[in-house]
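Below, read A as the first sequence line, B as the second, and so on, with proteins coming before strands; counting in each chain starts at 1.
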Amino acid sequence: MPAITPRPMSGFPELLPEQQLVFNRCLDIVRRTFERYGFTPIETPAVERKEVLTSKGGNEKEIYALSRLAAAPGESAETEFALHFDLTVPLARYVAQHKDKLVFPFRRYQIQKVWRGERPQSGRYRELYQCDIDVIGRGSVSLMADAEIPSVIYHLFREMDIGKFVVRINNRRLLQGFFDLAGVPAVCKTDVLRTVDAWEKIGRDAVAQALVNKIGLSETIAKQVLEFLASSRGKSTDEVLSDLRAQVADAQPTDASPGSDDFARGVHELQTVIAGMRSLGVPEEYFELDLSIARGLDYYTGTVYETRLVAHPDLGSICSGGRYDDLASYFTDEKLPGVGISIGLSRLVLRLLDAGVLKPGPATPAAVLVTTMDPSHMQDYLKIAAELRARGIATEVFLEKGRLGDQLKYASRKGFRFALIAGEAEFAAGQVKVKNLATAVESAVPREEVAPRLAEMVQS
RNA sequence: GUGCCCAUAGCUCAAUGGCAGAGCGCCUGACUGUGGCUCAGGAGGUUGAGGGUUCGAGACCGUCUGGGCACCCCA
């Protein structure tokens, strides 16, 4: 009997090799796309000081702290560190700490695991990968950065081949301005945004009820808010924009409704960002102006994004973010505005594997298995493998003893595309047999041409 | 933290309170120079744990542990 029975740890996903390869391919696409837009990588420690992590009023119950298993007498096993639960807080600390050495606008990407001490459920993990990009300015950041972000997302998910998706976009300033104009009390605006954000989940009627009963809006104002938020449904982007411009013209700024400035500015921002997205090549059918997108987090001040898979709305938002006025107010007095987005890659890839949208392939990164039918020729097998690797062909040599049948079985189970077979007969003839494992077709190749020929075959 | 549901072989699941099983997977052989297919065989279980009811519990009852789902929050 073994001393310890291995058990899965709920919320800490781990993958089989064929799944891990799919996951890593997605990671590669994310990284390549980020770099194609000039985002530069950074990595921060898995832990931060507790004071840093709790600075934004993060939910302390969901933060894992670091402690030692034992402490010397009189010492505490506690440490001042805890695991980061997102990458935004560490980024804020990092930028504030290094701002005099960084070049602004600072465009960084960060792909790391984060930890959340919550009860796991489907698609909710306690350890997960986040992939973040942000553009951070000193004092200001161009609105065109807001347009670049959805372009990155578009190209990234297209390459990942995960089916049709829609980046939904809105502007918080516009919403805030509208709320002012509609007479929503200032203290309620955050609550209204949060409630509105649940529209998709609980439906229009429930939102209406919550606005009146929980937040205390008057029936009239609640109705006005709801009608506005729903007014983008089923309309083209340009229709919504022209409706909004008409409303800007109607809204006369008064002391009673100071929001008209914000409203007008929000509409203008949205318009500018959408024009930028179009120039960057985001097709019309992959984005959507949706006035009901609010995002629950309160630090967003302008553009906000959410991305959904059309065929899998149950996944929720697979990628979301927005613009904020001040990234690091807890760590520096200097104003550092920015815009960014975060992809929850663990949720995305694991759920897509589960749903069969992404299909696991081979359980090996190698394309070729060199079989070793005749151990007395082991040195030849190793040389062939070295030649293949020198040409960049991922190659494994079957190093154990085994019948050829067993070696081919190993090859097909692991999903190699080609097996090289050579025994006494082939060596005598100066040849090597290349077997395509999918088609079972074998071809004899002169020994010295093996590497170039396979390079071609692996390509196609 | 609150509520609901679940726990039998590696996986998916059967078994009226009466001998713990099937399919898939895995291993071996048919096959010492050819994988997938087929056939034959094999391994694998303290029925999550420990109590109670009973002549008898995988099943019924309560306790613990683990897991899933919803709320909360968010990726």
Side-chain angles (χ1 to χ4, degrees), chain A residues 1 5-13 16 30 56-63 84-88 111-132 153 194-195 197-198 200-202 206 294-300 305-309 312 314-322 340-352 369 371-375 377 398 401-428 432-444:
Chain A
M1 272 289 271
T5 309
R7 287 178 302 136
M9 292 170 292
S10 174
F12 294 86
L16 293 172
V30 171
K56 277 203 165 143
N59 189 347
E60 296 196 20
K61 286 188 294 188
E62 296 196 352
I63 300 177
H84 57 210
F85 55 88
D86 75 1
L87 300 176
T88 305
I111 300 173
Q112 286 184 244
K113 278 182 175 173
V114 306
W115 292 268
R116 295 186 182 173
E118 64 181 346
R119 283 190 65 168
Q121 33 186 291
S122 144
R124 313 281 299 271
Y125 303 111
R126 296 196 279 200
E127 178 179 75
L128 58 124
Y129 269 99
Q130 278 205 330
C131 313
D132 278 29
I153 296 310
R194 193 174 287 256
T195 307
D197 195 48
E200 197 83 21
K201 202 178 204 170
I202 63 178
R295 305 299 309 141
L297 298 174
D298 52 5
Y299 54 83
Y300 292 125
Y305 321 94
E306 270 187 22
T307 307
R308 275 162 195 272
L309 292 183
H312 297 271
D314 52 303
L315 258 71
S317 176
I318 57 173
C319 168
S320 49
I341 203 157
S342 174
I343 307 171
L345 200 68
S346 299
R347 167 191 277 188
L348 179 64
V349 176
L350 268 54
R351 292 289 293 271
L352 291 180
L369 179 73
T371 61
T372 53
M373 190 163 52
D374 183 350
H377 280 285
F398 193 93
K401 289 198 190 91
R403 296 190 329 235
L404 183 59
D406 291 334
Q407 299 194 24
L408 288 172
K409 188 173 182 182
Y410 173 87
S412 60
R413 282 190 64 178
K414 282 186 73 170
F416 291 92
R417 289 170 60 200
F418 301 99
L420 295 195
I421 301 169
E424 218 33 77
E426 286 78 12
F427 284 115
V432 172
K433 271 196 212 159
V434 178
K435 178 162 189 164
N436 180 324
L437 288 162
T439 62
V441 174
E442 283 184 17
S443 48

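- Closest to the side chain of A:Arg403, from the set B:U32, B:G33, B:A75, is B:U32.
- Here, B:G36 and B:G18 have their C1' atoms 45 Å apart, quoted to the whole Å.
- Shortest non-hydrogen contact noted between A:Pro375 and A:Met373 is CD-O, 3.4 Å.
- Atom P of nucleotide B:A75 and atom NE2 of A:His312 are separated by 21 Å, given to the nearest angstrom.
- Side-chain contact between A:Leu369 and A:Leu408 is absent, with no heavy atoms from C-beta onward closer than 4.5 Å.
- Annotation: B:U63 and B:U53 have their C1' atoms spaced 15 Å apart (nearest Å).
- With both ends at atom P, the span from B:C13 to B:U38 equals 24 Å, rounded to whole Å.
- Remark: RNA chain B takes part in the stems B:1-7 with B:65-71, B:10-13 with B:21-24, B:26-30 with B:38-42, each of 3 or more antiparallel Watson-Crick or G-U pairs, criterion distances under 3.5 Å.
- Nucleotides B:U12 and B:G25 place their P atoms 15 Å apart, quoted to the nearest Å.
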Distances under 3.5 Å between protein N/O atoms and the N/O atoms of nucleotides 64-66 of chain B, please, pair by pair.
none

In B/S/- notation (B base, S sugar-phosphate only, - none; protein heavy atoms under 4.0 Å), nucleotides 35-40 of chain B written 5' to 3' is BB----

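- Inter-residue side-chain proximity for A:Leu309 and A:Leu352 is flagged as met; some heavy-atom pair is nearer than 4.5 Å.
- Every side-chain hydrogen bond (donor to acceptor under 3.5 Å, both in side chains) that A:His377 has, sequence neighbours left out, goes to A:Asp380, A:Glu424.
- Annotation: B:U28 and B:G44 have their C1' atoms spaced 14 Å apart (nearest Å).
- Under 3.5 Å, the side chain of A:Gln407 and the base of B:U34 form no donor-acceptor pair of N or O atoms.
- With sequence neighbours excluded, no residue satisfies salt bridge (charged side-chain N to carboxylate O under 4.0 Å, His left out) with A:Arg126.
- Comparing the P positions of B:A59 and B:U54 gives a spacing of 16 Å, expressed to the nearest Å.
- Residues meeting the side-chain hydrogen bond (donor to acceptor under 3.5 Å, both in side chains) test with A:Thr371, sequence neighbours left out: none.
- Within 4.0 Å (heavy atoms only), A:Ser317 reaches sugar-phosphate atoms of the nucleic acid but no base atom.
- When heavy atoms are screened at a 4.0 angstrom cut-off, A:Leu348 is found touching no nucleic acid atom at all.
- Scored by the side-chain hydrogen bond (donor to acceptor under 3.5 Å, both in side chains) test, A:Asp86 finds no partners at all (sequence neighbours excluded).
- B:C74 atom C1' lies 14 Å from atom CD1 of A:Ile63, rounded to whole Å.
- The CG-C1' distance, from A:Asp374 to B:G33, rounds to 10 Å in whole Å.
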Which pairs, protein N/O on one side and nucleotides 10-12 of chain B N/O on the other, fall under 3.5 Å?
none

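- Rounded to a whole Å, the CG atom of A:Leu309 is 13 Å from the C1' atom of B:A75.
- Residue A:Glu426 is in base contact, counting any heavy-atom pair closer than 4.0 Å across all strands shown.
- Residue side chain A:Glu62 does not reach the base of B:G1 through any donor-acceptor N/O pair under 3.5 Å, judged by distance alone.
- The P atoms of B:C26 and B:C69 are separated by 28 Å, rounded to the nearest whole Å.
- Counting only heavy atoms from C-beta outward, the side chains of A:His84 and A:Lys113 never approach each other to under 4.5 Å.
- For A:Tyr410, the side-chain hydrogen bond (donor to acceptor under 3.5 Å, both in side chains) criterion is met by A:Glu396, A:Lys414, not counting sequence neighbours.
- Regarding A:Asp86, its CG atom lies at a distance of 11 Å from the P atom of B:C74, rounded to whole Å.
- Taking the side-chain contact (heavy atoms from CB on, under 4.5 Å) definition, one finds that A:Asp406 meets it with A:Arg403, sequence neighbours left out.
- Each of A:Arg124 and A:Lys433 has a nearest nucleotide on RNA chain B; the 5'-most of these lies closest to A:Lys433.
- Taking all atoms of both residues into account, the shortest heavy-atom contact from A:Ser342 to A:Asp132 is OG-OD1, 2.8 Å.
- In this structure, the CZ atom of A:Arg126 is 16 Å from the C1' atom of B:C74, given to the nearest Å.
- Counting atom types as modelled, A:Arg116 pairs no side-chain N or O with a base atom of B:C73 as donor and acceptor under 3.5 Å.
- One distance of note links CD of A:Glu306 with CZ of A:Arg308; it measures 5.5 Å at 0.5 Å rounding.
- B:C37 and B:G17 have their C1' atoms separated by 45 Å, given to the nearest Å.
- In this structure, A:Glu62 has no salt bridge (charged side-chain N to carboxylate O under 4.0 Å, His left out) partners at least two apart in sequence or on a different chain.
- One can place CD of A:Gln130 at 7 Å from P of B:A75, the figure rounded to the nearest angstrom.
- Taking 4.0 angstrom as the limit, A:Ser320 places a side-chain polar atom (N or O) nearer than this to OP1 or OP2 of B:A75.
- Taking atom CG of residue A:Leu87 and atom P of nucleotide B:A75, one finds them 11 Å apart after rounding to whole Å.
- With a 4.5 Å cut-off on side-chain heavy atoms, A:Tyr300 and A:Tyr305 do not count as touching.
- Residues passing the side-chain contact (heavy atoms from CB on, under 4.5 Å) test with A:Ser346 are A:Phe23, A:Tyr125, A:Leu128, A:Tyr129, sequence neighbours excluded.
- For the pair A:Asn436 and A:Phe418, the minimum side-chain heavy-atom distance is below 4.5 Å.
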